[in-house]
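All heavy atoms count here, side chains included; hydrogens, waters and symmetry mates do not. In this text the structure is predicted, and so the values were computed from the model without any measurement.
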Amino acid sequence: MVIINACKIAAHKLKMFGELVMFSHTLFSLPFAIISMVWAAGGWPSGRIMLWGLIALIGARNGANAFNRLVDRTFDGQNPRTAHRHLPQRLLAEKEVAVFVVVNYAIFIAASGMLNLLCLILSPVAIVLISTYSYTKRFTYLSHLYLGFVIASAPIGAWFAVTGQIAFTPFVIGTVVMLWIAGFDIIYGTQDIEFDRRAGLWSIPSYFGLENALRIAKALHFIMIMLLLFLYVWRGLGWIYLVGIGIATLLLMTEHNIIKPSNRRLMKVASYNLNQVISLVILTCTLVDYFYVS
């Protein structure tokens with residue numbers, strides 16, 4: 001009975017930590033990391049590379065998200081939209097979250113070391129980058145782009161994991177991710193315009209206003225699609241890849257058409273659900289195209 005209760009408590013804690021870091025949102029970076037790995041390897045990379053690359057990605061992402069929740073706990077508690085989160089509600093203790101951050105960053109460094117020397121050397125730099133995002137909203141409205149830049153490290157790091165070398169292609173993939181993430185983070189940020197202004201936080205919606213912010217988000221997503229088309233030419237890809245980009249474009253257009261900051265359900269669909277589908281569509285079509293068409 002003691003063991004069963006201990007397992008239940010552990011499972012409950014694990015569930016809360018998964019909610020804390022929004023583990024399901026790994027779908028934003030993972031598909032592009034897989035594409036980067038496949039292109040870098042010229043096919044499926046070895047099982048060892050895939051395993052340690054995935055562990056490194058999860059460790060870095062979980063650590064960064066938990067660190068962000070820890071740093072923003074005061075603002076989250078003051079914002080009606082985020083007051084229900086785990087730290088403001090004391091569902092998790094600050095010390096627990098701090099330990100979770102340290103453990104995940106340690107896992108990231110260890111996994112990087114298992115990949116190659118370049119990944120190990122760059123792992124502390126990556127930790128600094130993914131951790132400093134949490135402070136950018138305090139002094140610049142470019143925080144959305146910085147968030148995108150941080151998440152863009154996933155496909156770039158994935159390429160390094162396979163080759164141990166710097167190349168042009170992963171930085172194009174990374175720029176695609178940066179623009180995509182920044183665009184829908186701006187959309188999501190339109191819900192907090194008034195709170196950000198009262199709290200002295202910087203964001204593109206609070207600085208430029210709702211309409212201009214949505215125009216900027218559209219522009220970022222337009223450039224993202226142009227870069228995906230550039231990759232079509234640069235990598236000599238086939239028609240199924242183009243189909244995927246076409247579907248992704250239609251989903252992005254849908255995303256921008258259903259935006260309504262006062263409706264949280266719609267904003268979740270626009271900012272998260274549709275973008276998870278977009279990443280999976282691009283991944284599926286790219287892999288099918290690469291292995292069966294191109």
Side-chain angles (χ1 to χ4, degrees), residues 22 25 28-29 32 64-65 67-69 71-83 85 129-153 171-230 248-276 278-279:
M22 297 183 291
H25 293 181
F28 295 141
S29 55
F32 288 94
N65 274 29
F67 184 80
N68 181 59
R69 290 287 181 264
V71 170
D72 280 351
R73 63 192 182 280
T74 301
F75 291 116
D76 285 345
Q78 296 170 351
N79 186 342
R81 186 180 63 79
T82 57
R85 288 178 175 170
L129 291 176
I130 61 182
S131 299
T132 49
Y133 156 70
S134 303
Y135 297 97
T136 54
K137 205 171 180 182
R138 290 156 169 79
F139 62 87
T140 177
Y141 57 75
L142 297 177
S143 56
H144 313 278
L145 283 165
Y146 193 84
L147 173 63
F149 168 72
V150 166
I151 297 177
S153 64
F171 286 95
V172 178
I173 303 173
T175 304
V176 166
V177 172
M178 180 183 73
L179 297 172
W180 173 51
I181 296 291
F184 74 72
D185 190 58
I186 290 170
I187 292 172
Y188 194 68
T190 58
Q191 299 173 95
D192 295 329
I193 290 176
E194 295 307 319
F195 175 78
D196 286 349
R197 287 171 177 169
R198 289 196 306 271
L201 295 173
W202 290 64
S203 70
I204 283 177
S206 67
Y207 190 84
F208 291 99
L210 175 62
E211 295 302 323
N212 286 330
L214 294 179
R215 291 189 186 101
I216 292 170
K218 286 180 182 178
L220 294 178
H221 284 161
F222 175 78
I223 300 171
M224 166 203 169
I225 295 298
M226 292 300 102
L227 285 176
L228 287 170
L229 291 175
F230 169 78
T249 301
L250 291 174
L251 290 171
L252 283 171
M253 292 171 64
T254 302
E255 175 180 323
H256 285 275
N257 285 331
I258 66 172
I259 294 168
K260 189 175 182 181
S262 61
N263 187 320
R264 290 187 186 178
R265 186 185 64 81
L266 274 181
M267 294 305 289
K268 182 179 179 182
V269 171
S271 300
Y272 292 141
N273 301 120
L274 281 176
N275 285 294
Q276 288 174 331
I278 287 170
S279 63

Is the closest side-chain heavy-atom distance between [X] and [Y] below 4.5 Å?
X: Tyr146; Y: Thr132; answer: yes
X: Ile186; Y: Pro205; answer: yes
X: Phe195; Y: Gln78; answer: yes
X: Leu147; Y: Met178; answer: no
X: Trp180; Y: Ile151; answer: no
X: Trp202; Y: Ser143; answer: no
X: Phe75; Y: Arg138; answer: yes

Listed by chain and number, what are the side-chain hydrogen bond (donor to acceptor under 3.5 Å, both in side chains) partners of [X], not counting sequence neighbours?
X: Ser134; answer: Asn68
X: Asp196; answer: Lys137, Ser203
X: Asn212; answer: Arg215
X: Arg198; answer: none

Starting from the C-alpha separation in whole Å, work towards a yes-or-no answer on side chain to side chain contact (heavy atoms under 4.5 Å, CB included) for Leu274 and Phe184. CA-CA 10 Å; Leu274 281 176; Phe184 74 72; over 6 Å; no
State, to 0.1 Å, how close [X] and [Y] come at their nearest heavy-atom pair, and which atoms those are.
X: Ala83; Y: Gly77; answer: CB-O, 3.8 Å
X: Gly174; Y: Ala152; answer: O-CB, 3.0 Å
X: Arg81; Y: Tyr188; answer: NH1-OH, 2.6 Å
X: Leu266; Y: Ile258; answer: CD1-O, 3.7 Å

Nearest-0.5 Å distance, [atom1] of residue [X] to [atom2] of residue [Y]:
X: Tyr141; Y: Phe208; atom1: OH; atom2: CZ; result: 4.0 Å
X: Arg69; Y: Asp76; atom1: CZ; atom2: CG; result: 6.0 Å
X: Gln191; Y: Ile259; atom1: CD; atom2: CD1; result: 10.5 Å
X: Ile204; Y: Leu142; atom1: CD1; atom2: CG; result: 6.0 Å
X: Tyr135; Y: Phe67; atom1: OH; atom2: CZ; result: 4.0 Å
X: Tyr133; Y: Asn65; atom1: OH; atom2: CG; result: 9.0 Å

May I have all residue pairs that pass salt bridge (charged side-chain N to carboxylate O under 4.0 Å, His left out) and include part of residues 218-228, sequence neighbours excluded? none
Are more than 12 heavy atoms, taken from residues, nucleotides or ligands other than Phe230, located less than 6.0 Å from that residue's CZ atom?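 More than 12 heavy atoms, drawn from other residues, nucleotides or ligands, come within 6.0 Å of this atom.
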Atom pairs and distances, donor-acceptor, side-chain atoms in residues 248-256, under 3.5 Å, two or more places apart:
unit_1, atom_1, unit_2, atom_2, d
Thr249, OG1, Ile245, O, 2.8
Thr254, OG1, Leu250, O, 2.9
Glu255, OE1, Asn275, ND2, 3.1
His256, NE2, His221, ND1, 2.8

